[in-house]
Asks: 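Supplied in structure tokens, the structure appears directly below.
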Amino acid sequence: MYQLVYISTAKSVEDAEIERILAQSRRNNQRDEVTGLLLYNGRRFLQALEGPSAAVYRTYERIRADERHRAAVMLSSKMVEQRQFGNWEMACERVNVGGAQSSLIKKVDALVAGLSDPTLRAQFTSYVRLHTAV
Ligand SMILES: Cc1cc2nc3c(=O)[nH]c(=O)nc-3n(C[C@H](O)[C@H](O)[C@H](O)COP(=O)(O)O)c2cc1C
């Protein structure tokens, strides 16, 4: 099982567009046995993709070329024993910007709390802080 995590910057993506992205993702990911999680705070995407390695790479290449976002940075890419982000075709959380501390930070902290790899955990928690700083 392969796992890839990246962060990217949205280019004026409205909520209706997110729905379209999710519809595409769920259709394709089900076909390709790819699962994962997509977090969006109105500005940044953070996505984890898991599945057979060829399928994960193909999906990531497609996503990277998508003009609805830019500057994708891979945070982690490695083999894992089993899926760590659940069995969703693509779960999505829209988190609010601002608020008491960024809720994206809280979401991500909660999300990675269960990950067994401390380096991956630290990458997530520090990267998301860096990229949500005002
Ligand atoms: C932030 C973001 C996340 C995406 N996630 C996925 C995904 O998990 N799976 C997927 O197939 N497409 C995803 N897409 C859409 C792809 O970039 C691409 O538009 C889509 O796979 C094309 O599907 P189609 O060939 O069926 O039209 C994502 C796009 C964006 C902007």
Side-chain angles (χ1 to χ4, degrees):
M1 191 68 49
Y2 210 77
Q3 178 195 75
L4 188 155
V5 180
Y6 76 89
I7 195 162
S8 68
T9 305
K11 286 202 223 161
S12 62
V13 175
E14 316 231 320
D15 285 356
E17 197 61 48
I18 297 290
E19 290 308 314
R20 276 193 285 278
I21 290 172
L22 283 177
Q24 283 179 320
S25 303
R26 286 172 178 151
R27 191 181 57 234
N28 294 338
N29 295 357
Q30 186 169 35
R31 176 194 65 201
D32 301 335
E33 295 176 22
V34 169
T35 54
L37 179 80
L38 179 67
L39 294 180
Y40 179 55
N41 72 347
R43 206 156 64 97
R44 306 267 175 198
F45 291 109
L46 179 72
Q47 189 173 30
L49 299 165
E50 294 181 331
S53 49
V56 168
Y57 275 124
R58 267 200 310 273
T59 302
Y60 182 59
E61 284 306 310
R62 238 178 22 246
I63 295 172
R64 250 163 56 102
D66 196 315
E67 302 213 326
R68 290 171 289 193
H69 64 169
R70 60 182 177 79
V73 175
M74 205 190 281
L75 297 184
S76 148
S77 129
K78 60 170 191 178
M79 296 299 294
V80 289
E81 297 257 314
Q82 56 190 28
R83 295 180 198 262
Q84 294 181 57
F85 289 94
N87 282 312
W88 309 291
E89 274 105 42
M90 189 48 62
C92 183
E93 287 278 358
R94 172 74 152 86
V95 291
N96 296 316
V97 196
Q101 259 272 6
S102 165
S103 50
L104 181 61
I105 291 178
K106 287 188 188 154
K107 274 279 178 203
V108 169
D109 285 355
L111 175 71
V112 300
L115 296 182
S116 50
D117 179 347
T119 311
L120 177 63
R121 236 176 14 236
Q123 267 178 329
F124 263 96
T125 53
S126 58
Y127 209 92
V128 81
R129 277 170 175 72
L130 191 66
H131 285 275
T132 51
V134 262

Asks: Any side-chain heavy atom of Gln3 sitting closer than 4.5 Å to one from Met79?
Replies: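 When only atoms from C-beta onward are counted, Met79 and Gln3 do not touch, as no gap falls below 4.5 Å.
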Asks: Side chains of Asp32 and Thr59, heavy atoms from C-beta outward: is any pair under 4.5 Å?
Replies: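 Side-chain contact under 4.5 Å: yes.
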Asks: Within this structure, what is the CZ-CD distance for the pair Arg68 and Glu17, rounded to the nearest 0.5 Å?
Replies: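 Answer rounded to 0.5 Å: 5.0 Å.
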Asks: Going from CD1 on Ile18 to CG on Leu38, what distance comes out if it is rounded to the nearest 0.5 angstrom?
Replies: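 If we round to the nearest 0.5 Å, Ile18:CD1 and Leu38:CG are 6.5 Å apart.
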Asks: Do Asn28 and Arg62 make a side-chain contact, defined as non-hydrogen atoms from C-beta onward lying under 4.5 Å apart?
Replies: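 A side-chain contact under 4.5 Å exists here.
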Asks: Return the CZ to CG distance between Arg58 and Leu49, rounded to the nearest 0.5 Å.
Replies: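 Nearest 0.5 Å value for the CZ-CG distance: 12.5 Å.
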Asks: More than 12 heavy atoms of other residues, nucleotides or ligands under 6.0 Å from CD of Glu61: yes or no?
Replies: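 Yes.
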Asks: Between Val80 and Tyr57, is there a shared hydrophobic cluster once you connect ILVMFWY residues whose side-chain heavy atoms come closer than 4.5 Å?
Replies: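 Unlinked, Val80 and Tyr57 end up in two clusters.
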Asks: Output the distance between atom CD1 (Ile21) and atom OH (Tyr40), rounded to the nearest 0.5 Å.
Replies: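 The CD1 atom of Ile21 sits 8.0 Å away from the OH atom of Tyr40.
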Asks: I want to check something: taking the side chain as every heavy atom from C-beta on, are Leu46 and Val5 in contact at a cut-off of under 4.5 Å?
Replies: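 Sidechains of Val5 and Leu46: in contact.
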Asks: Near Gln24 CD, under 6.0 Å, is it more than 12 heavy atoms from other residues, nucleotides or ligands?
Replies: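 For Gln24, atom CD is crowded (more than 12 foreign heavy atoms under 6.0 Å).
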Asks: With distance as the sole criterion, is a donor-acceptor pair present between the side chains of Tyr6 and Ser77 under 3.5 Å?
Replies: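 The criterion, which ignores hydrogens and geometry beyond distance, is not satisfied for Ser77 and Tyr6.
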Asks: Verify, without hydrogens or angle tests, whether Gln47 (side chain) and Gly36 (backbone) share a donor-acceptor contact under 3.5 angstrom.
Replies: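 The answer is no, because no donor-acceptor pair under 3.5 Å joins these two groups.
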Asks: Do Glu81 and Met1 make a side-chain contact, defined as non-hydrogen atoms from C-beta onward lying under 4.5 Å apart?
Replies: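 When only atoms from C-beta onward are counted, Met1 and Glu81 do not touch, as no gap falls below 4.5 Å.
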Asks: If only side-chain N and O atoms count, and only distance matters, is there a donor-acceptor pair under 3.5 Å linking Arg44 with Thr9?
Replies: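 Side chains of Thr9 and Arg44: pair found under 3.5 Å.
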Asks: If you count the non-hydrogen atoms of other residues, nucleotides and ligands that lie under 6.0 Å from CZ in Arg64, is the total more than 12?
Replies: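 For Arg64, atom CZ is not crowded (no more than 12 foreign heavy atoms under 6.0 Å).
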Asks: Can you tell me how far CZ of Arg20 sits from CG of Asp15, rounded to the nearest 0.5 angstrom?
Replies: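 Separation between the atoms: 11.0 Å.
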Asks: Starting at OG of Ser8, measure out to CG of Asp66 and round the result to the nearest 0.5 Å.
Replies: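 Going from OG on Ser8 over to CG on Asp66, the span is 9.0 Å.
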Asks: Are Ile63 and Tyr2 linked, directly or through other ILVMFWY residues, by side chains that come within less than 4.5 angstrom of each other?
Replies: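 Yes; tracing contacts between hydrophobic side chains, which count when under 4.5 Å, links both residues.
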Asks: Has the side chain of His69 got a donor or acceptor atom that lies under 3.5 Å from a matching backbone atom of Ile7?
Replies: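 Side chain of His69 to backbone of Ile7, a donor-acceptor pair under 3.5 Å: no, none is there.
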